[in-house]
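Per chain, numbering begins at 1; letters A, B, ... match sequence-line order. All values reported here derive from a predicted model rather than from experimental measurement.
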There are 2 protein chains.
Amino acid sequence: MALLRTREAVVQRFRVVLSQYGLTEQQWRILRALEGREGLEISLLAEQCQIQLPSMTGILKRMESRGLTRRKANHADGRSILIALTVESKALVERIKPQIVEVYAEIERILGRRKLEQLYALLEELENGLGTASEPC
Amino acid sequence: MALLRTREAVVQRFRVVLSQYGLTEQQWRILRALEGREGLEISLLAEQCQIQLPSMTGILKRMESRGLTRRKANHADGRSILIALTVESKALVERIKPQIVEVYAEIERILGRRKLEQLYALLEELENGLGTASEPC
DNA sequence: CCGAGATAGTTAATATGTTAAGTAAAACTG
DNA sequence: CAGTTTTACTTAACATATTAACTATCTCGG
């Protein structure tokens with residue numbers, strides 16, 4: 001519950017920025033993950049953005065219809081598809097990024113750098129502990 | 001993202017238990033919040049469970065149809081409705097609780113009590129900082 | 001080269017999340 | 001006390017999450 005509440009509070013800050021551009025947090029995560037790359041497979045994109053594959057299908061469909069992403073064939077593997085930014089979405093990312101950076105800065109102001117790093121470390125430790133333990137199947 | 005990933009890892013542990021009983025995490029949060037009380041208003045329930053009111057409508061509808069919760073009129077205020085457990089759901093909570101307690105114990109084993117308390121403190125500090133700051137409307 | 005099994009994505013069905021708008025009962029105000 | 005505002009919920013519309021099943025490729029051992 002503590003994780004849930006805190007994450008909600010954090011995400012809310014991002015949402016007030018992103019909703020001005022009609023973007024959801026998930027869509028923003030995808031844009032950021034694609035930034036600076038020429039094309040990323042959907043499964044890798046999903047993994048980096050912590051979005052499940054079935055959700056990706058719908059999200060990408062909406063993003064493509066808005067011209068935020070485009071598909072490129074992956075000649076090396078006919079199963080997978082490469083997703084990339086468009087000219088417009090590259091510009092959009094550049095426009096939004098400063099405001100997002102400001103939100104991160106606000107978070108760092110609230111906790112201070114040391115506590116923030118401490119928090120990251122604790123979260124990672126817990127995640128790793130849960131990820132490995134008691135799944136010996 | 002760190003918050004998201006860690007929360008996902010934690011929730012996953014609860015889900016493997018709850019799904020055996022056909023419960024979602026949200027439904028479990030509601031059951032726990034109602035435990036030991038004679039009736040709670042939907043808005044208070046929503047607040048305690050970190051679930052928005054529109055979601056509550058649907059969740060409660062499903063839970064009621066399964067006999068997990070029941071509605072009682074609030075004679076003090078005709079607008080609100082009191083939600084309470086049923087005989088069956090009280091028994092269900094008792095049956096599930098031990099397994100959930102075990103998950104919490106696992107989390108504490110992973111981090112240790114001190115780090116866990118540290119984590120709680122950091123999360124709360126961040127949440128409070130975000131909750132108050134820069135909303136001077 | 002072939003067929004079993006592994007991969008990458010999509011589809012489907014159900015449950016929530018998120019915002020905005022609508023409804024009915026209270027509380028407030030002039 | 002009528003009119004306005006607030007409060008507690010519900011409805012509606014759209015976006016995701018979750019799990020399982022399905023399709024098209026790929027990989028590999030034989």
Visitor: From the set C:dA26, C:dG17, D:dA17, return the single nucleotide nearest to any side-chain atom of A:Ile59.
Guide: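 Nearest to the side chain of A:Ile59 among the choices is D:dA17.
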
Visitor: Measure from the side chain of B:Arg79, starting at C-beta and using heavy atoms only, and say which of D:dT11, D:dT19, C:dA25 lies closest.
Guide: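 Ranking D:dT11, D:dT19, C:dA25 by closest atom to the B:Arg79 side chain puts C:dA25 first.
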
Visitor: What integer distance in Å separates A:Leu23:CG from C:dT18:P?
Guide: 16 Å

Visitor: For A:Met63 and D:dC14, give me the distance from atom CE to atom C1', rounded to whole Å.
Guide: 16 Å

Visitor: Applying the 4.5 Å side-chain criterion to the ILVMFWY set and letting contacts propagate, would A:Val11 and A:Leu18 be lumped into a single cluster?
Guide: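 Each belongs to a different hydrophobic cluster.
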
Visitor: Strictly below 4.0 Å: does B:Arg71 bring a side-chain N or O up to OP1 or OP2 of D:dT10?
Guide: yes

Visitor: Can you see which heavy atom on B:Gln50 is nearest to which on B:Arg29, and at what distance?
Guide: O-NH2, 3.7 Å

Visitor: Check the distance between C:dA25's P and B:Leu82's CG and give it to me in whole angstrom.
Guide: 16 Å

Visitor: Tell me the interatomic distance from B:Leu18, atom CG, to C:dT14, atom P, rounded to whole angstroms.
Guide: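 About 21 Å, once rounded to whole Å.
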
Visitor: Choose from D:dT10, C:dT16, D:dT11 the nucleotide whose nearest atom is closest to any side-chain atom of B:Gln26.
Guide: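 For B:Gln26, the side-chain atoms sit closest to C:dT16.
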
Visitor: Pick the nucleotide of DNA chain D nearest each of A:Thr24 and A:Asp77; which residue has the one closer to the 5' end?
Guide: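 Checking each residue's closest nucleotide, the 5'-ward one belongs to A:Thr24.
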
Visitor: I want to verify a distance call: between C:dG9, D:dA17, C:dT18, whose nearest atom is closest to the B:Ser55 side chain?
Guide: C:dT18

Visitor: Measure from the side-chain heavy atoms of A:Ile81 and tell me the nearest of C:dT10, D:dA15, D:dT18.
Guide: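 The listed nucleotide nearest to A:Ile81's side chain is C:dT10.
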
Visitor: Treating a pair as Watson-Crick (purine N1 to pyrimidine N3 plus N6-O4 or O6-N4) or G-U wobble (N1-O2 and O6-N3) with both distances under 3.5 Å, list the stems of 3 or more consecutive pairs that involve DNA chain C.
Guide: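 In DNA chain C, stems of three or more pairs: C:1-30 with D:1-30.
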
Visitor: Roughly, in whole Å, what's the span from CG in A:Leu68 to P in D:dA15?
Guide: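 After rounding, the gap between these two atoms is 12 Å.
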
Visitor: Would you say the side chain of A:Ser89 lies within less than 4.5 Å of the side chain of A:Thr69, judging by non-hydrogen atoms?
Guide: no

Visitor: Just checking, is any N or O donor in the side chain of B:Tyr21 or B:Gln27 under 3.5 Å from an acceptor N or O on the other one?
Guide: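 B:Gln27 and B:Tyr21 do not have a side-chain donor-acceptor pair below 3.5 Å.
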
Visitor: NA contact type, B:Leu53, heavy-atom cut-off 4.0 Å: base, sugar-phosphate, or nothing?
Guide: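 Contact class for B:Leu53: base.
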
Visitor: With hydrophobic residues grouped by side-chain heavy-atom distances under 4.5 Å, do B:Ile110 and A:Tyr120 end up in a single group?
Guide: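 The answer is yes; both residues are in one hydrophobic cluster.
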
Visitor: Any side-chain heavy-atom pair from A:Leu68 and A:Leu85 closer than 4.5 angstrom?
Guide: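 Sidechains of A:Leu85 and A:Leu68: no contact.
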
Visitor: Mind checking if B:Glu8 touches a base, just sugar-phosphate, or nothing, with heavy atoms under 4.0 Å?
Guide: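 It contacts sugar-phosphate atoms only.
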
Visitor: Mapping A:Met56 and A:His75 to their closest nucleotides on DNA chain D, which lands nearer the 5' end?
Guide: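 This one resolves to A:Met56.
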
Visitor: With clusters defined by side-chain heavy atoms of hydrophobic residues (ILVMFWY) lying less than 4.5 Å apart, directly or transitively, does B:Leu4 cluster with A:Met56?
Guide: no

Visitor: A:Gln52 side chain N/O closer than 4.0 Å to the phosphate oxygens (OP1, OP2) of D:dT18?
Guide: yes

Visitor: Who passes ring-ring contact (aromatic ring centres under 6.0 Å, His included) against A:Tyr104, sequence neighbours left out?
Guide: A:Phe14

Visitor: Quick check: on DNA chain C, is the nucleotide nearest A:Glu41 upstream (toward 5') of the one nearest A:Arg15, or the reverse? Name the residue that is more 5'.
Guide: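 In this pair, the answer is A:Glu41.
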
Visitor: Between C:dT19, D:dT16, D:dA8, which one does the side chain of A:Gln27 approach most closely?
Guide: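 Looking only at heavy atoms from C-beta outward on A:Gln27, the closest nucleotide is D:dT16.
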
Visitor: Which whole-number value in Å describes the distance from A:Ile51 CD1 to D:dT18 P?
Guide: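 It works out to 11 Å between those atoms.
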
Visitor: With a 4.0 Å limit, can you tell me whether A:Ser19 has a side-chain N or O closer than that to the phosphate oxygens OP1/OP2 of C:dT18?
Guide: no

Visitor: For B:Thr57, report the nucleic acid contact type (base, sugar-phosphate, nothing); a contact means any heavy atom under 4.0 Å.
Guide: base

Visitor: Does a nitrogen or oxygen in the side chain of B:Arg62 sit under 4.0 Å from OP1 or OP2 of C:dT14?
Guide: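 Answer is no, no contact under 4.0 Å.
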
Visitor: Can you check the B:Asn74 CG to C:dA26 C1' distance for me, whole Å?
Guide: 12 Å

Visitor: Among C:dG17, D:dA12, C:dT11, which is the nearest nucleotide to the side chain of B:Pro54?
Guide: D:dA12

Visitor: Whether the side chain of A:Thr86 engages the backbone of A:Gly67 through a donor-acceptor N/O pair (distance < 3.5 Å, no angle test) should be reported.
Guide: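 Side chain of A:Thr86 to backbone of A:Gly67: a pair is present.
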
Visitor: C:dG17 P sits how many Å from B:Lys61 NZ, rounded?
Guide: 15 Å

